[in-house]
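We count residues from 1, following the sequence as given.
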Amino acid sequence: MTHGQQSPSDSTGRIVVSGLTKQYKQLRAVDNLSFTVQPGRVTGFLGPNGSGKTTTLRMLLNLVTPTTGSATFNGVRYADLHDPVRHVGAVLEASSAHKGRTGLNHLRMICVATGLPRSRADEVLAMVGLTPAADRKFKGYSLGMKQRLGIAAAMLGDPQVLILDEPANGLDPEGIRWMRDFLKSLAAEGRTVLVSSHLLSEMQLLADDVVIIAAGKLIQQGPVGEVLHSATARVRVRTPQADALAKALTEAQATVERPEPDLLVVTGADAPAIGRAALAAQAELHELVTDKPDLERVFLELTAGKAGIR
């Protein structure tokens, strides 16, 4: 595809990160990172502090030059997109604007600078629920309102791709739910949504897919359900005969932790097997529950000991 031929439908959508590396003198912030982000889905981009997430997003948007590798939108680098505001919208931090300018005027200035109709400012303000604050000065905006204004600015060009870094910062529970519904609706329209966040419980509700990195390297990627399914199953068992049951389970090659005198946390044996072992050991069961893994637990297991400082 040659420069100048792109349109929102054919130049953007599928994000491909391939062998992406960023070296700062002695520090490797991103290390041979490869993953894909598909249209029509919300992809959560997760990693501990210092894992290289923001550096990766900045390389995607041509704000940082990769040492090696590439990041493209359907094979086209951001720098080579014609009129990129119409293809890719991004918010890497809460919106900043002149404190004496209103939200509406801030967006209208962007429209003028990018060749978009001024009326688009009113449309995106309505889209993010900021119409009542359109004529309020930016200095009076809360952090949550600034987040919404940033998203409004990112949506001005009606882009196919939206990239957000910690978009829920400063939002109250109602605002977080609004954000979730809004991003899901964009994906339902066939857009590509890539979201970096530390709110793992929220990402489990929001994301269709996840990409997990640590110390600049890919740890895991795939649909949320598959990533959760890959976690080690754990069963909580409460019994007055904990010694006898722990011995029986250990002899059966299960792994047993004992956080409380009468509580066992078992891996390597499912609930029916534990029930049979308890019957054989004459252990009375007061609790037998299989823990369903959540994204936070899986994330912590996958990234344990890998959170390098960057």
Less than 3.5 Å apart, which donor and acceptor atoms pair up between the side chains of residues 128-142 and the rest of the protein, not counting sequence neighbours?
residue, atom, partner, partner atom, Å
Thr131, OG1, Ala126, N, 3.4
Tyr141, OH, Ala133, O, 2.7
Ser142, OG, Met145, N, 3.2

Which residues end up grouped with [X] if you chain together Ile, Leu, Val, Met, Phe, Trp and Tyr wherever their side-chain heavy atoms are less than 4.5 Å apart?
X: Leu264; value: Val235, Val237, Leu245, Leu249, Val256, Val266, Ile274, Leu285, Leu288
X: Val112; value: none
X: Val289; value: none
X: Met109; value: none

Pairwise side-chain contact, [X] with [Y], heavy-atom cut-off 4.5 Å (strictly under):
X: Glu166; Y: Ser197; result: yes
X: Gln160; Y: His87; result: no
X: Arg86; Y: Leu116; result: yes
X: Tyr24; Y: Thr55; result: yes
X: Leu162; Y: Leu183; result: yes
X: Ile151; Y: Met179; result: yes
X: Asp122; Y: Leu104; result: yes
X: Arg297; Y: Arg234; result: yes

If you count the non-hydrogen atoms of other residues, nucleotides and ligands that lie under 6.0 Å from [atom1] in [X], is the total more than 12?
X: Glu174; atom1: CD; answer: no
X: His229; atom1: NE2; answer: no
X: Lys184; atom1: NZ; answer: yes

Main-chain N/O of [Y] paired to [X] side chain as donor or acceptor, under 3.5 Å:
X: Gln147; Y: Asn169; result: yes
X: Lys22; Y: Ala29; result: no
X: Ser51; Y: Gly216; result: no
X: Asn74; Y: Arg14; result: yes
X: His286; Y: Pro240; result: no

Can you tell me how far the [atom1] atom of [X] sits from the [atom2] atom of [Y], to the nearest 0.5 Å?
X: Leu60; Y: Arg77; atom1: CG; atom2: CZ; value: 12.0 Å
X: Leu171; Y: Arg180; atom1: CG; atom2: CZ; value: 11.5 Å
X: Arg148; Y: Leu125; atom1: CZ; atom2: CG; value: 11.5 Å
X: Thr67; Y: Gln23; atom1: OG1; atom2: CD; value: 6.5 Å
X: Glu189; Y: Asp158; atom1: CD; atom2: CG; value: 8.0 Å
X: Leu20; Y: Thr68; atom1: CG; atom2: OG1; value: 7.5 Å

Is it the case that one hydrophobic cluster holds both [X] and [Y], taking links as side-chain heavy atoms less than 4.5 Å apart, direct or via other members?
X: Leu205; Y: Leu199; answer: no
X: Met127; Y: Val42; answer: yes
X: Val16; Y: Ile213; answer: no

Checking side-chain contact (heavy atoms from CB on, under 4.5 Å) against Gln204, which of Val210, Val227, Leu295 comes through?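 The residue from Val210, Val227, Leu295 that satisfies side-chain contact (heavy atoms from CB on, under 4.5 Å) with Gln204 turns out to be Leu295.
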How would you list, by chain and number, every residue that makes a ring pair (Phe, Tyr, Trp, His ring centres under 6.0 Å) with Phe45, sequence neighbours excluded?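 Phe35.
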Sequence-distant partners of [X], side chain to side chain contact (heavy atoms under 4.5 Å, CB included), two or more places apart:
X: Asp181; value: Arg177
X: Gln282; value: none
X: Leu300; value: Glu296
X: Asp243; value: Arg258

Shortest non-hydrogen separation from [X] to [Y] and the atoms involved:
X: Ala242; Y: Pro261; value: CB-O, 3.3 Å
X: Val91; Y: Gly150; value: CG2-O, 3.2 Å
X: Pro39; Y: Thr192; value: CA-OG1, 3.2 Å
X: Ser34; Y: Leu218; value: O-CD2, 3.4 Å
X: Cys111; Y: Leu156; value: SG-CD2, 3.6 Å
X: Ala214; Y: Thr303; value: CB-CG2, 4.2 Å

Using the side-chain contact (heavy atoms from CB on, under 4.5 Å) rule, take Leu61 and Leu92 through it: C-alpha gap first, then chi angles, then the decisive distance, then the call. CA-CA 10 Å; Leu61 298 168; Leu92 298 191; 3.9 Å; yes
Step by step, work out the side-chain contact (heavy atoms from CB on, under 4.5 Å) result for Leu107 and Leu149. CA-CA 8 Å; Leu107 295 177; Leu149 186 65; 3.9 Å; yes
No-hydrogen, no-angle side-chain donor-acceptor test under 3.5 Å, Ser201 and Asp294: no
Determine, step by step, whether Arg236 and Asp291 satisfy the side-chain contact (heavy atoms from CB on, under 4.5 Å) criterion, reporting the C-alpha distance in whole Å, the side-chain angles of both residues, the deciding distance to 0.1 Å, and the verdict. CA-CA 7 Å; Arg236 291 169 48 88; Asp291 281 345; 3.2 Å; yes
Does anything in residues 182-209 form a ring pair (Phe, Tyr, Trp, His ring centres under 6.0 Å)? List the pairs, not counting sequence neighbours. Trp178-Phe182
Please list, chain by chain and in numerical order, all residues satisfying side-chain hydrogen bond (donor to acceptor under 3.5 Å, both in side chains) with Glu226, sequence neighbours excluded.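 Checked Glu226 against side-chain hydrogen bond (donor to acceptor under 3.5 Å, both in side chains); zero matches.
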Apply side-chain contact (heavy atoms from CB on, under 4.5 Å) to the pair Leu57 and Leu194, showing each step before the final yes or no. CA-CA 9 Å; Leu57 296 181; Leu194 178 62; 3.8 Å; yes
